[in-house]
Amino acid sequence: MRRTGLKSLLILLLALVTQVPALAADRLSGLPAPILGGELSNSAATSVADIDEVLPRMRALGLNTVLVPAYWELMEPVEGRFDFTLIDRTIDVARHEQLHVVFLWFGVWKNSMSCYAPGWFKQDTKRFPRALTAEGKPLEIASCFSDNVLQADLKAFSALMRHIREKDPRREVVIMMQIENEIGMLESARDHSPLAEKVYQQEKWAERYGTDDYADEKFMALNYARYVEHLAKAARQIHDMPLYVNAAMNSRGRRPGEYPSAGPLAHLIDFWHEGAPDIDLLAPDIYDTGFKSWASQYAMPQRPQDGGKKVKNRLFIPESRCCENSGVRALYVFGEHQALGFSPFAIDQASEKETQSITEAYALVRQIVNRKPSNRQSSWGLLFDQDDRERIIDDGGVIMTCRHYFTLPWDPRATDGSTWPEGGAMLIRLGKFDYLLAGSGVVVDFKTSTEKQQEQQKQLGEDGFAEAGTSGGQKPGKSFSGKRLGLLSVDEVSIANNGEMQYLRRHNGDQTHQGRHARISVGEWKLLHIRLYEYE
């Protein structure tokens, strides 16, 4: 069996995950491609012992990057006195484990609330005022309109950035910073404190946008962004690296104030770009159903009106529910959106059953990206569940019908009453009639356009053949016209570090349903090299 060199073909593979769009390209291009991440649970790095224990486990799971909280309350327990013990330990252990770190600045706001601010800050509400509801109720949310709040936060964040610069001057470990965490208003769509009301009146907000909750949300979005811009500008001057802010989704039909409203949500992106131009990425934290829809809202490509010079937003998912479906979701965003990175939340607390999918998926991605490509090739992401079972892709006349593996008739798990696990993959075009499929729980067949148009739907029995009376034969006077596609070969392969595609085994016969499709079963994780041929 001949071995196919990927040095020429791998000019394919990861434009998907290594191509850097124009937005902040010089900063983003220095990041590992892609970020195979995991975010620690909130209290996982609050002691040296915890850091020593958790980071080696993350390396063993196959991560290349760990998202780690940086806690203001532990870094500045006494005003003006900084303790960087936990920051230093994180960097030292990560360096030893050959891991990158993204620090999450848990400063004034974490999931809307000011719970990670130091005690001296929390207790002095006169100096550091709270946001108020329209009824005058004080919230556990420091007001973003207070200069005292900003200056205290800015001082601490700047001290952190200076210390990281001294500890890791070449950004070998710390590669990116998250500013605050899931900023947003709760209970009220906007802050009604005296400081907020002053700005609201000065900017004649009600005249410009109205007075409903959605207008109030826009007001807060712009002013949260302005606040964040102060921290971003300081970071740029101290230790320039990619910066992002993350958003809790506006899901389940909630109105502003019922979710962390005014954060960097997709429908508020213009306000965030106006207020915080030094932020490189707006990033979604995806926990709800509809994963593909949420991801697509943040994968904002080049727009014609930008003349091809700007990208609105590159997809980076810093938090997603850590579950058995995490691995196929990662493959989907890397294949479909060329995502910068993916990161399940609280991966340190997840069960082995939940983390196994991440380990398997990241291992496939590592194989695909072991050589930097020199140009972009086509790639797609596949993600299926019990309700969303099929996707048809037209690749220049090659019609690929992609489905969940359980749409095949012979696996009893498909009909045992249990919820289908998600199936997903990266599908990559190497060349004409030449593809890679990397994933789990998917099946793909290939047809010409004319063949697909003339396709007769059949109901298959558990043996894979048509049920009696459902063959859908040709009507009298009708004849098939045009060319067909067949499977020339389907090989299970691996890709070595030097870029060579290494043959493992041939899939044929029962494994391709006698040449009808390529497939990867639910629970298996494989990389298939698929070659087609045309006949008539």
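Please read all numbers here as calculations on a predicted model, not as lab measurements.
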Exercise for the section: Fit a plane to each ring of Phe345 and Tyr287, take the angle between them on a 0 to 90° scale, and name the class: parallel (under 30°), tilted (30 to 60°) or perpendicular (over 60°). Expected result: perpendicular

Problem - Flag, side chain of Asp491 to backbone of Val493, donor-acceptor distance under 3.5 Å - result: no

Problem - Inter-residue atom distance Ile347.CD1 - Leu40.CG, 0.5 Å rounding - result: 9.0 Å

Exercise for the section: State whether the side chain of Gln98 and the backbone N or O of Arg95 hold a donor-acceptor pair below 3.5 Å, judged by distance alone. Expected result: no

Handout entry: Residue pair Ala232 / Asp278: nearest heavy atoms and the distance that separates them
Key = CB-CB, 3.8 Å

Completion exercise
Of Leu104, Leu67, Ile286, Asn181, the one forming a side chain to side chain contact (heavy atoms under 4.5 Å, CB included) with Glu319 is Asn181

Exercise for the section: Would you check if the side chain of Arg429 reaches a backbone N or O of Asp395 as a donor-acceptor pair within less than 3.5 Å? Expected result: no

Exercise for the section: Apply side chain to side chain contact (heavy atoms under 4.5 Å, CB included) to Phe334 and Leu340, showing your working. Expected result: CA-CA 8 Å; Phe334 290 138; Leu340 180 67; over 6 Å; no

Problem - Polar side chain donor-acceptor pair, Gln367 to Ser494, under 3.5 angstrom - result: no

Practice task
Compare all side-chain heavy atoms of Glu324 with those of Pro421 and state whether any distance is below 4.5 angstrom.
Solution key: no

Problem - Leu427 side, atom CG; Ile393 side, atom CD1 - distance, nearest 0.5 Å - result: 5.5 Å

Practice task
For residues Ser326 and Glu354, determine if any side-chain heavy atom of one lies less than 4.5 Å from a side-chain heavy atom of the other.
Solution key: no

Exercise for the section: Please assess Asp385 against Glu422 for the test side chain to side chain contact (heavy atoms under 4.5 Å, CB included), listing each intermediate value before the final yes or no. Expected result: CA-CA 5 Å; Asp385 59 25; Glu422 292 177 10; 4.0 Å; yes

Practice task
Give a yes or no answer on whether the side chain of Asp348 reaches the backbone of Ser41 with a donor-acceptor pair at less than 3.5 Å.
Solution key: yes

Completion exercise
Correct closest heavy-atom pair for Pro242 and Met176 would be O-CG, 3.1 Å

Problem - Test log, rule side chain to side chain contact (heavy atoms under 4.5 Å, CB included), inputs Ile520 and Tyr405 - result: CA-CA 7 Å; Ile520 306 171; Tyr405 179 83; over 6 Å; no

Exercise for the section: Determine the minimum heavy-atom distance between Glu182 and Ala247, stating which atoms define it. Expected result: CG-C, 4.2 Å

Problem - Main-chain N/O of Ile428 paired with Ser379 side-chain donor or acceptor, under 3.5 Å - result: no

Problem - Side-chain donor or acceptor of Gln356 paired with backbone N/O of Ile358 under 3.5 Å - result: no

Exercise for the section: Hey, can you tell me if Tyr332 and Phe291 have their rings parallel, tilted or perpendicular (30° and 60° cut-offs)? Expected result: perpendicular

Practice task
Check whether any side-chain heavy atom of Arg314 lies under 4.5 Å from a side-chain heavy atom of Leu281, and answer yes or no.
Solution key: yes

Practice task
Decide, yes or no, whether a salt bridge links Arg403 with Asp445 under the criterion of side-chain N to carboxylate O below 4.0 Å.
Solution key: yes

Problem - Ala518 backbone acceptor or donor facing Thr512 side chain under 3.5 Å - result: no

Handout entry: Spacing of Glu451 atom CD and Glu534 atom CD [to the nearest 0.5 Å]
Key = 9.5 Å

Practice task
Report yes if the side chains of Arg413 and Ser418 come closer than 4.5 Å at any heavy-atom pair, otherwise no.
Solution key: no

Exercise for the section: Kindly assign one of parallel, tilted or perpendicular to the pair His517 and Trp410, based on the angle between their ring planes and the thresholds 30° and 60°. Expected result: tilted

Practice task
Please determine which of Thr90, Val93, Val101, Thr65 meets the side chain to side chain contact (heavy atoms under 4.5 Å, CB included) test together with Val173.
Solution key: Val101

Problem - More than 12 heavy atoms from other groups under 6.0 Å of NE2 on His267 - result: yes

Exercise for the section: For Val442 and Gly423, work out which heavy atoms get closest and say how close. Expected result: CG1-C, 4.0 Å

Problem - Given Lys452, Glu390, Arg391, the one that forms side-chain hydrogen bond (donor to acceptor under 3.5 Å, both in side chains) with Thr401 - result: Lys452

Practice task
Report yes if the side chains of Gln514 and Asp510 come closer than 4.5 Å at any heavy-atom pair, otherwise no.
Solution key: yes

Practice task
Enter the distance from Leu528:CG to Arg519:CZ here, rounded to the nearest 0.5 Å.
Solution key: 10.5 Å

Exercise for the section: Could you grab the distance from atom NZ of Lys218 to atom CG of Leu268, nearest 0.5 Å is fine? Expected result: 8.0 Å

Handout entry: Ionic contact status for Asp388 with Lys292, cut-off 4.0 Å
Key = yes

Exercise for the section: Measure the shortest side-chain to side-chain distance between Phe342 and Pro34 over non-hydrogen atoms and say whether it is less than 4.5 angstrom. Expected result: no

Problem - Residue Arg57 excluded, over 12 heavy atoms near CZ under 6.0 Å - result: yes

Exercise for the section: Find out whether the Lys NZ or Arg CZ of Arg254 is both under 6.0 angstrom from the six-membered ring centre of Tyr259 and within 45° of the ring's axis. Expected result: no

Fill in the blank from the handout: Of Asn64, Leu61, Thr359, the one forming a side chain to side chain contact (heavy atoms under 4.5 Å, CB included) with Leu36 is Asn64

Problem - Working for side chain to side chain contact (heavy atoms under 4.5 Å, CB included), residues His239 and Met177 - result: CA-CA 10 Å; His239 194 33; Met177 293 293 296; over 6 Å; no

Fill in the blank from the handout: CZ of Phe446 to CZ of Arg531, rounded to nearest 0.5 Å, is 13.0 Å

Handout entry: Contact check, side chains of Trp294 and Ile317, non-hydrogen atoms, under 4.5 Å
Key = no

Problem - For the student: nearest non-hydrogen atoms of Gly523 and Trp525, plus distance - result: O-CD1, 3.9 Å

Handout entry: Expected output: side-chain His404 to main-chain Phe406 donor-acceptor under 3.5 Å
Key = yes

Practice task
Provide the closest heavy-atom pair for Ile368 versus Ala438 in the form atom of the first, atom of the second, distance.
Solution key: CD1-CB, 3.8 Å

Handout entry: Backbone N/O of Ser251 and side chain of Asp288: donor-acceptor pair under 3.5 Å
Key = no

Practice task
Return yes if some donor-acceptor pair links the side-chain N/O of His529 with the main-chain N/O of Glu492 below 3.5 Å, else return no.
Solution key: no

Handout entry: Partner of Met426 by side chain to side chain contact (heavy atoms under 4.5 Å, CB included), out of Val365, Leu527, Leu437
Key = Val365

Problem - Non-hydrogen side-chain atoms of Pro264 and Tyr224 separated by less than 4.5 Å - result: no

Exercise for the section: Kindly assign one of parallel, tilted or perpendicular to the pair Tyr244 and Phe316, based on the angle between their ring planes and the thresholds 30° and 60°. Expected result: perpendicular

